[in-house]
Amino acid sequence: METLATLDDLPKAYVDELTQKNLVPLWPSLREVLPPNKPKPQTQVISWKYKDIRPLLMRAGELTPIEKAERRVLVLSNPGHGLENMRASSVMYLGMQLLLPGEWAPSHRHTPNAVRLIVEGNGAYTSVNGEKCPMERGDLILTPTGMWHEHSHEGESEVVWLDVLDLPLVYYSEASFVEEGEKAKSNNEAKPLVYGPGIVATENFTRNDNHLVKYPVLRYPWADAKKALETIAENSSVEMVQVTYVNPETGDDAQKIIGFSAIMLRPNQVLKLRQRSCAMVFHVIEGDVNIKVDSVQHDLTVADTLCTPCFTNVTLVNTLDKPSFVFVADESPFQRKLGLYSERERTDI
Ligand code: 1HN
């Protein structure tokens with residue numbers, strides 16, 4: 001590939017005149033915006049250990065009352081994007097949120113899509129458009145774009161969860177904003193609005209705005225996902241024991257931009273993933289997993305999180321002689337919709 005001329009190859013007076021007229025020559029930057037063969041991601045391979053996060057999150061619980069935080073979150077920020085930009089990848093935001101007994105994180109709704117993966121504790125609830133979703137360890141709870149949500153805690157111990165949002169993408173698109181809800185806690189003792197996949201109270205169903213029907217499942221209990229994984233592992237010899245969280249109404253991914261799945265690693269299994277065109281996030285729900293990304297190995301245990309940039313060689317190793325379980329978030333729904341998604345063979349075999 002031809003090496004192209006740089007800005008320094010141009011007379012300074014010419015460059016200054018371009019600048020004055022808000023013009024930029026393409027050729028000095030062409031190789032940067034269109035690198036050969038694969039992207040040059042800013043996303044770095046980063047892991048966050050829960051044993052590092054937890055004490056700092058509990059300290060935040062002492063330092064900042066919920067009323068002064070609205071959402072008490074430590075953001076898992078990728079230094080490759082600049083820590084202050086609060087991105088795990090170009091599309092995904094990750095945060096660990098703490099809610100203490102008796103606390104209430106007030107109702108709001110916003111354009112970015114969010115999910116919560118519950119990390120520890122019980123007795124807390126997220127209410128999504130009035131449906132009260134109990135938060136149990138490993139559960140996945142959706143708050144899709146535009147749905148009202150608030151968190152409350154009626155239990156005894158700290159509750160912590162991992163938030164995954166498409167905030168970086170929505171913010172970059174200049175489409176990110178929030179609306180505040182009622183100042184009072186909503187009556188989430190009310191009967192649920194959705195009674196099961198495809199069954200909704202008629203009083204809550206408006207044909208022109210059937211958001212509820214578009215997202216009939218808001219809570220995916222971990223017990224169900226785990227049982228599904230164990231059944232797949234028992235009944236088939238498939239190498240990748242994986243379930244995808246889908247929207248039963250549309251048969252599509254559970255949300256439009258970020259995809260969610262869970263993998264069961266068989267005892268001592270070594271699972272080599274193909275290269276993918278999107279960044280990925282791995283979060284250990286149960287067990288001990290070494291994740292090798294290209295040549296670097298990261299030892300993860302329960303509640304640890306790791307993100308990988310596009311087109312890396314990722315190997316998951318279960319170091320236990322019992323199953324380990326990993327939650328996965330990735331950008332494939334977004335990339336597929338735009339026709340950008342691809343997979344490649346690994347480059348280390
Ligand atoms: C949000 O609404 C929540 O509702 C958590 O718990 C994290 C990060 C950025 C923007 C909105 C929540 C968030 C967020």
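- Put simply, the side chain of D304 does not reach to within 4.5 Å of the side chain of H298, judged on heavy atoms.
- Among pairs with a residue in residues 229-246, those fulfilling side chain to side chain donor-acceptor pair (under 3.5 Å) read Q242-S261, at least two apart in sequence or across chains.
- Side chain of R72 to backbone of T64: a donor-acceptor contact under 3.5 angstrom is found.
- Using modelled atom types, one side-chain atom of N78 and one backbone atom of Q44 make a donor-acceptor pair closer than 3.5 Å.
- A distance of 8.0 Å separates CG of N268 from OG1 of T319, quoted to the nearest 0.5 Å.
- Residues L306 and S47 come closest through the heavy atom pair CD1-CB, 3.8 Å.
- One N or O on the side chain of R219 and one on the backbone of P134 form a donor-acceptor pair closer than 3.5 Å.
- Using bins of under 30°, 30° to 60° and over 60° for the plane-to-plane angle, the ring pair H110/H108 lands in the perpendicular bin.
- Across every non-hydrogen atom of R266 and A233, the tightest pair is NH1-O, 2.9 Å.
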Could you walk me through whether E136 and I118 pass the side-chain contact (heavy atoms from CB on, under 4.5 Å) test, one step at a time?
CA-CA 6 Å; E136 303 284 343; I118 317 310; 6.0 Å; no

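- Counting heavy atoms from C-beta outward, L300 and I291 have side chains that approach closer than 4.5 Å.
- For the pair M1 and R31, the minimum side-chain heavy-atom distance is below 4.5 Å.
- Remark: E62 CD is packed, more than 12 non-hydrogen atoms of other residues, nucleotides or ligands lying under 6.0 Å away.
- Dense packing is recorded around NZ of K337, with more than 12 heavy atoms of other residues, nucleotides or ligands lying under 6.0 Å away.
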Worked check of side-chain contact (heavy atoms from CB on, under 4.5 Å) between D166 and T145:
CA-CA 10 Å; D166 47 25; T145 178; over 6 Å; no

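- Distance check, rounded to the nearest 0.5 Å: CZ of F282 to OG1 of T308 gives 5.0 Å.
- T43 contributes no side-chain N or O that, together with a main-chain N or O of P309, makes up a donor-acceptor pair within less than 3.5 Å.
- Distance alone, capped at 3.5 Å, is enough to place a donor-acceptor pair between the N129 side chain and the W148 backbone.
- No side-chain heavy atom of F260 sits under 4.5 Å from any side-chain heavy atom of P333.
- A side-chain donor-acceptor contact under 3.5 Å links Q335 to the backbone of S277.
- The two residues L165 and D163 come nearest to each other via the heavy atoms CD1-CB, 3.8 Å.
- Side-chain contact between P144 and L218 is present, with heavy atoms from C-beta onward closer than 4.5 Å.
- When only modelled atom types and interatomic distance are considered, D294 and N313 share a side-chain donor-acceptor pair under 3.5 Å.
- Cluster annotation: M135 is connected to M58 through the hydrophobic network of ILVMFWY side chains, with a link wherever side-chain heavy atoms come within less than 4.5 Å.
- Judged by distance alone, the side chain of N318 and the main-chain N or O of K322 form a donor-acceptor pair under 3.5 Å.
- For Y171, the OH atom is loosely surrounded, since the number of other residues' heavy atoms within 6.0 Å does not exceed 12.
- Heavy-atom minimum distance, Y93 versus M86: CD1-O, 3.6 Å.
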What's the verdict on side-chain contact (heavy atoms from CB on, under 4.5 Å) for W161 and I141, showing C-alpha distance, side-chain angles and the deciding distance?
CA-CA 10 Å; W161 62 83; I141 296 174; over 6 Å; no

Passes side-chain contact (heavy atoms from CB on, under 4.5 Å), W27 versus L10? Steps please.
CA-CA 11 Å; W27 58 94; L10 293 167; 4.1 Å; yes

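- Taking a 6.0 Å sphere around CD of E84, one finds it holds more than 12 heavy atoms contributed by other residues, nucleotides or ligands.
- At a threshold of 4.5 Å between side-chain heavy atoms, the hydrophobic network of Ile, Leu, Val, Met, Phe, Trp and Tyr places L162 and L100 in one connected group.
- How far CD of E331 is from SG of C310: 8.5 Å, rounded to the nearest 0.5 Å.
- A heavy-atom distance below 4.5 Å is found between the side chains of I258 and V91.
- Legend: residues meeting ring pair (Phe, Tyr, Trp, His ring centres under 6.0 Å) with F325, ordered by chain and number and at least two apart, are W222.
- In the model, R116 has a side-chain atom that pairs as donor or acceptor with a side-chain atom of T143 under 3.5 Å.
- When the shell of 6.0 Å around CD of E17 is examined, it contains 12 or fewer heavy atoms from other residues, nucleotides or ligands.
- In the hydrophobic cluster analysis, where Ile, Leu, Val, Met, Phe, Trp and Tyr join through side-chain heavy atoms closer than 4.5 angstrom, V238 is grouped apart from L271.
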Could you go step by step and tell me if E32 and K40 meet the salt bridge (charged side-chain N to carboxylate O under 4.0 Å, His left out) rule?
CA-CA 8 Å; E32 189 59 31; K40 273 197 205 167; 3.2 Å; yes

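- In this structure, Q255 contributes its side chain and A114 its backbone to a donor-acceptor pair below 3.5 Å.
- Taking 4.5 Å as the limit, some side-chain heavy atom of T305 sits within range of a side-chain heavy atom of V281.
- Listed here is the closest heavy atom pair of V289 and S324: CG2-CB, 3.8 Å.
- Atoms NE2 and OG, from H81 and S89 in turn, are 6.0 Å apart once rounded to the nearest 0.5 Å.
- L76 and V170 fall into different hydrophobic clusters, where Ile, Leu, Val, Met, Phe, Trp and Tyr side chains are chained together by heavy-atom contacts under 4.5 Å.
- A distance of 11.5 Å separates CH2 in W104 from CG in L99, rounded to the nearest 0.5 Å.
- By the neighbour-count criterion of 12 heavy atoms within 6.0 Å, atom CZ of R71 is densely surrounded, having more than that number from other residues, nucleotides or ligands.
- In terms of modelled atom types and a separation under 3.5 Å, the side chain of N247 and the main chain of E249 share a donor-acceptor contact.
- The number of heavy-atom neighbours closer than 6.0 Å to NZ of K256, taken from other residues, nucleotides and ligands shown, is 12 or below.
- Between the R137 side chain and the I285 main chain, a donor and an acceptor come within less than 3.5 Å of each other.
- Using a 4.5 Å cut-off on side-chain heavy atoms (C-beta onward), P248 and P216 make contact.
- One hydrophobic cluster, built from ILVMFWY side chains closer than 4.5 Å, holds both L265 and V314.
- Going from atom OG of S127 over to atom CD of E150 covers 5.0 Å, rounded to the nearest 0.5 Å.
- Residues F311 and S342 approach most closely at CZ-OG, 3.7 Å, considering heavy atoms.
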